[in-house]
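Notes follow once the structure below has been shown.
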Amino acid sequence: MKLNKQLTLFILCTLTSLGLAAQPSPQAGFFTFPIKPGVRNYLSGSMGEIRSNHFHGGLDIKTDQREGLPVYAAADGYISRVKQSTYGYGNIIYITHLNGLVTTYAHLQSFNLPLAEFMLKKQYEKKTFELEIFPEPDKFPIKRGDVIGLSGNTGGSGGPHLHFEIRDEKDRLYNPLKYKFTEILDTTPPDIYTLGILPLNIHARISNEFARAEFAAKKVGSTYTLADTVKAHGLLGLELQTNDRLDGAANKNGTQEVTLFVNGKAIYQHHIEQVPFEISRQVSQHINYNMFKRYGRTFQKAFVDYGNDLPLYRANYQQGRFAVKPDSIYEVKLVAKDSYDNSSTLQFIIKGQKPVFTAMQAKAVKQPKLTTEILGNVLKISASDTSSTPQNVELFIKGKAMVLVPSYIRNAASVSLYDLRGGLPDSIRSCGVSQAFSFKQMVPPAQETEVKTDFATIQFGKESLYDTLYFEAKQEADVYTLGDYFTPLHKAIKVTITPPVTYKDKTKAAVYFLGTGRGRGYEGGTWNGNSITFTTRNMGKFKVMEDVKAPTIKLLGKSPNQIRFKIGDDLSGISSFNAWVNGQWLLMKYEHKQALIYSEKLDKSIPLSGEVILKVKDVAGNEAVFTTKI
């Protein structure tokens with residue numbers, strides 16, 4: 001017995017809402033390729049690539065460096081969600097299919113009829129450009145191969161392309177390439193560039209030093225290797241810098257799988273095939289976050305770091321970490337694999353070397369100097385002196401001194417190591433030079449913790465941190481430094497500060513994140529007397545600033561068919577914009593990358609004529625008004 005389409009869609013919707021829709025195994029040919037189906041295509045991004053704060057959730061399909069290509073529905077189903085926004089996905093369509101999976105089509109230039117007319121009417125009804133709707137299953141039924149819109153560059157897109165995803169009803173993201181689209185060819189194995197090795201406890205050494213070390217990979221035949229044997233000791237963790245390339249494309253894509261073998265035994269594997277949308281931000285622990293933020297280099301860890309519960313890993317009880325013992329040999333192999341099972345292998349030897357202290361030192365420096373670095377739980381102190389003899393370090397905790405003996409010598413510096421779990425130091429002194437710390441508290445993960453200082457109260461939630469944080473904070477005039485910019489937060493912290501300046505109009509004053517450059521990110525905040533409370537997912541520098549300037553408006557062109565403006569704001573950012581022609585609300589579409597707003601009429605047959613009023617507000621509530629006539 002055949003079910004009619006409406007009944008089939010009703011059953012599907014019911015099963016999906018109950019979480020009972022079956023999740024089929026990837027089947028070649030089940031989905032139509034959404035751009036130029038049946039024709040060779042190319043990707044600018046693949047599933048699982050590392051982005052600034054998430055795993056890339058699908059495919060970025062090239063569109064010949066232009067907009068306006070037809071976008072085809074991948075399979076039968078119905079449009080279950082539509083959104084228009086100037087940020088994120090921009091114009092996006094979600095199609096729910098008869099097998100329970102959902103495909104998404106993002107950064108569209110426009111929707112096809114009748115969806116475009118429906119969305120336009122809804123925008124006029126609600127008097128807003130930003131709009132998200134969830135149509136009933138029978139509202140927009142879709143057949144495989146239907147043109148649902150045109151490709152574009154809307155939202156956060158960095159250039160014309162189609163972002164295409166496959167999800168299930170729980171928003172878990174799946175790798176579309178597992179459906180073996182014939183439009184994409186990939187017989188090219190991943191490239192391997194650099195190996196990173198981390199010391200994971202205070203006793204660990206790489207080349208007799210407690211420091212992260214890098215080793216360039218070189219290709220010999222079909223296999224990668226290192227220039228020499230690595231000498232190390234103690235508990236280690238490995239990182240791999242690797243990318244994939246598809247046939248006929250010069251751009252670099254993500255590598256989906258890395259497996260670590262030590263002496264022939266697999267002790268770790270990650271496979272980026274299914275990433276739950278809501279925890280994709282944990283990419284911060286999957287990679288070396290410090291290297292990514294500081295230098296833009298992506299190293300994927302070959303061990304499971306603390307606080308990381310992504311469902312990507314197979315690892316032994318050491319979670320990919322392994323201990324190197326003196327005079328032992330470790331044959332190490334890292335295998336990188338792409339979505340089409342093309343693989344590359346890095347093979348090398350680690351030889352266990354017992355740490356040896358040596359008094360040999362480079363030429364004495366001209367100026368005594370102290371430098372510090374935190375690696376895991378360890379404070380590393382390098383003391384360079386004008387003499388050529390090793391130098392002890394005095395470490396002070398609540399005024400009491402303890403002496404640290406150097407662990408080894410590196411160039412002109414005596415290097416001492418201290419486990420911060422023994423107590424947070426106030427300062428250190430060596431070579432006649434002192435350095436103060438701004439440690440406030442050791443903050444453990446997975447529990448609520450409040451840190452109070454003379455100038456701020458910081459509240460950490462149970463999911464704010466991945467690992468133990470040795471929290472430093474200081475106030476310099478009106479700038480607050482809270483933690484380290486290169487330390488990731490999983491979820492937001494709440495901060496209350498009392499600025500040294502009193503603001504008459506507190507509606508214009510808010511907290512801004514200063515980052516590392518000249519950029520200023522609006523954090524907001526709620527005033528209570530002279531104190532302001534805000535939440536943030538950033539660590540670093542913050543400052544309360546006043547935004548008293550209204551947004552700027554510049555007329556770019558006007559005609560009976562359309563009116564266009566350029567709008568901007570120097571601090572808090574654009575909050576809202578509304579236009580009227582002879583008192584009738586006029587839809588203005590917003591493209592933030594070009595700071596452009598432009599009109600779209602509800603009735604294309606009626607020309608724009610009469611007085612035009614445009615009002616633009618920023619987040620601080622400052623308003624600019626522009627009037628003209630058509």
Side-chain angles (χ1 to χ4, degrees), residues 190-242 258-270 288 291 297 299-305 314-336 343-362 373 375-378 380 382 390 405-411 413-417 419:
D191 294 318
I192 294 176
Y193 305 106
T194 314
L195 171 74
I197 306 182
L198 285 170
L200 296 181
N201 62 22
I202 200 168
H203 307 292
R205 302 287 187 274
I206 299 106
S207 300
N208 207 39
E209 185 176 3
F210 182 82
R212 179 183 180 275
E214 289 188 8
F215 302 87
K218 62 176 184 178
K219 196 170 186 178
V220 179
S222 60
T223 303
Y224 292 83
T225 187
L226 304 182
D228 204 352
T229 296
V230 177
K231 296 180 180 179
H233 176 267
L235 191 66
L236 306 180
L238 305 186
E239 303 170 343
L240 193 64
Q241 186 184 28
T242 174
V258 172
T259 307
L260 170 61
F261 298 86
V262 177
N263 290 335
K265 182 179 179 181
I267 67 168
Y268 168 91
Q269 182 184 80
H270 72 247
N288 186 320
M291 291 297 295
R297 301 173 64 199
F299 284 84
Q300 298 188 62
K301 295 173 183 175
F303 62 97
V304 185
D305 211 348
R314 295 179 183 176
N316 65 4
Y317 73 99
Q318 291 272 38
Q319 297 289 281
R321 302 165 179 82
F322 61 100
V324 172
K325 298 178 181 179
D327 302 319
S328 297
I329 299 295
Y330 300 84
E331 297 180 358
V332 182
K333 183 168 68 171
L334 283 157
V335 180
S343 65
S344 294
T345 300
L346 170 64
Q347 292 181 304
F348 59 97
I349 299 294
I350 295 179
K351 182 178 180 181
Q353 180 186 59
K354 186 176 181 180
V356 177
F357 182 87
T358 173
M360 292 180 63
Q361 196 169 23
E373 179 185 8
L375 291 171
N377 297 309
V378 179
K380 178 182 175 182
S382 298
V405 176
S407 296
Y408 59 89
I409 303 296
R410 177 60 59 184
N411 297 325
S414 302
V415 180
S416 301
L417 304 175
D419 194 325

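This chain uses plain numbering: 1 for the first residue, then up along the sequence. Treat the numbers as computed from the prediction; the structure is a model and nothing was measured.
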dist Asn377:CG -> Leu417:CG (nearest 0.5 Å) comes out at 12.5 Å

Check whether more than 12 heavy atoms from other residues, nucleotides or ligands sit under 6.0 Å from atom CD of Glu373, and answer yes or no. yes

For Asn208 and Gln353, the nearest pair of non-hydrogen atoms, with its separation, is N-OE1, 4.1 Å

**Item:** Backbone N/O of Leu334 and side chain of Tyr224: donor-acceptor pair under 3.5 Å
**Value:** no

Does the pair Lys380/Glu209 count as a salt bridge with the N-to-O cut at 4.0 Å?
yes

Using the side chain to side chain contact (heavy atoms under 4.5 Å, CB included) rule, take Phe348 and Asp228 through it: C-alpha gap first, then chi angles, then the decisive distance, then the call. CA-CA 8 Å; Phe348 59 97; Asp228 204 352; over 6 Å; no

Stepwise side chain to side chain contact (heavy atoms under 4.5 Å, CB included) test for Phe215 and Ile206
CA-CA 11 Å; Phe215 302 87; Ile206 299 106; 3.9 Å; yes

dist Lys354:NZ -> Asp327:CG (nearest 0.5 Å) comes out at 9.5 Å

Short question: side chain of Ser344, backbone of Pro190 - any donor-acceptor pair under 3.5 Å?
yes

Scanning both residues in full, the closest heavy-atom pair of Ile350 with Ala232 reads CG2-CB, 4.0 Å

Ignoring hydrogens and geometry, is there a side-chain-to-backbone donor-acceptor pair from Asn263 to Glu331 under 3.5 Å? yes

Are the side chains of Leu238 and Phe303 in touch, meaning some heavy atoms are under 4.5 Å apart?
no

(message) With a 4.5 Å cut-off on side-chain heavy atoms, are Gln300 and Thr242 touching?
(response) yes

Heavy-atom closest pair (Pro355 atom, His203 atom, distance to 0.1 Å) is CG-O, 4.3 Å

Here the pair of heavy atoms bringing Val335 nearest to Ser343 is CG1-CB, 4.0 Å

Tightest non-hydrogen contact, residues Ile409 and Ser414, listed as CD1-OG, 3.6 Å

Check: Taking C-beta and beyond as the side chain, do Arg212 and Met291 meet within less than 4.5 Å on heavy atoms?
Finding: yes

What one should report as the nearest heavy-atom pair of Ala315 and Gln319 is CB-CA, 3.7 Å

**Request:** Side-chain contact test, heavy atoms from C-beta onward, threshold under 4.5 Å: evaluate it for Val415 versus Phe210 and give yes or no.
**Result:** no

Original post:
Should Val356 and Tyr408 count as side-chain neighbours, where that means a heavy-atom distance under 4.5 Å?
Top reply: no

dist Thr259:OG1 -> Lys333:NZ (nearest 0.5 Å) comes out at 9.5 Å

- Task: Could you give me the CA-CA distance, side-chain angles and deciding distance for Phe357 and Val405, then say whether side chain to side chain contact (heavy atoms under 4.5 Å, CB included) is met?
- Result: CA-CA 11 Å; Phe357 182 87; Val405 176; over 6 Å; no

* Please report the C-alpha distance between Gln241 and Arg297 in whole Å, then the side-chain angles of each, then the deciding distance to 0.1 Å, and finally whether the side chain to side chain contact (heavy atoms under 4.5 Å, CB included) criterion is met. => CA-CA 8 Å; Gln241 186 184 28; Arg297 301 173 64 199; 3.5 Å; yes

Here the gap from Leu236 atom CG to Asn201 atom CG, rounded to the nearest 0.5 Å, amounts to 8.5 Å

If you define the side chain from C-beta out and look only at heavy atoms, does anything of Leu226 sit under 4.5 Å from Leu346?
yes

Margin query: Between His233 (side chain only) and Pro326 (backbone N and O only), is there a donor and an acceptor less than 3.5 Å apart?
Written below: no

| request: Compare all side-chain heavy atoms of Phe261 with those of Gln347 and state whether any distance is below 4.5 angstrom. | output: no

So CD1 of Ile267 and CG of Leu260: to nearest 0.5 Å the spacing works out to 4.0 Å

Value for CD1 (Ile197) from CD (Glu214), rounded to nearest 0.5 Å, stands at 10.5 Å

Exercise. Is there a donor-acceptor pair closer than 3.5 Å between any side-chain N or O of Arg321 and the backbone N or O of Val304?
Worked result: yes

*asked:* Are Phe299 and Leu198 packed together at the side-chain level, in the sense that at least one heavy-atom pair is separated by less than 4.5 angstrom?
replied: no

Can any side-chain N or O of Asn411 pair as donor or acceptor with the backbone N or O of Ala413 at less than 3.5 Å?
no

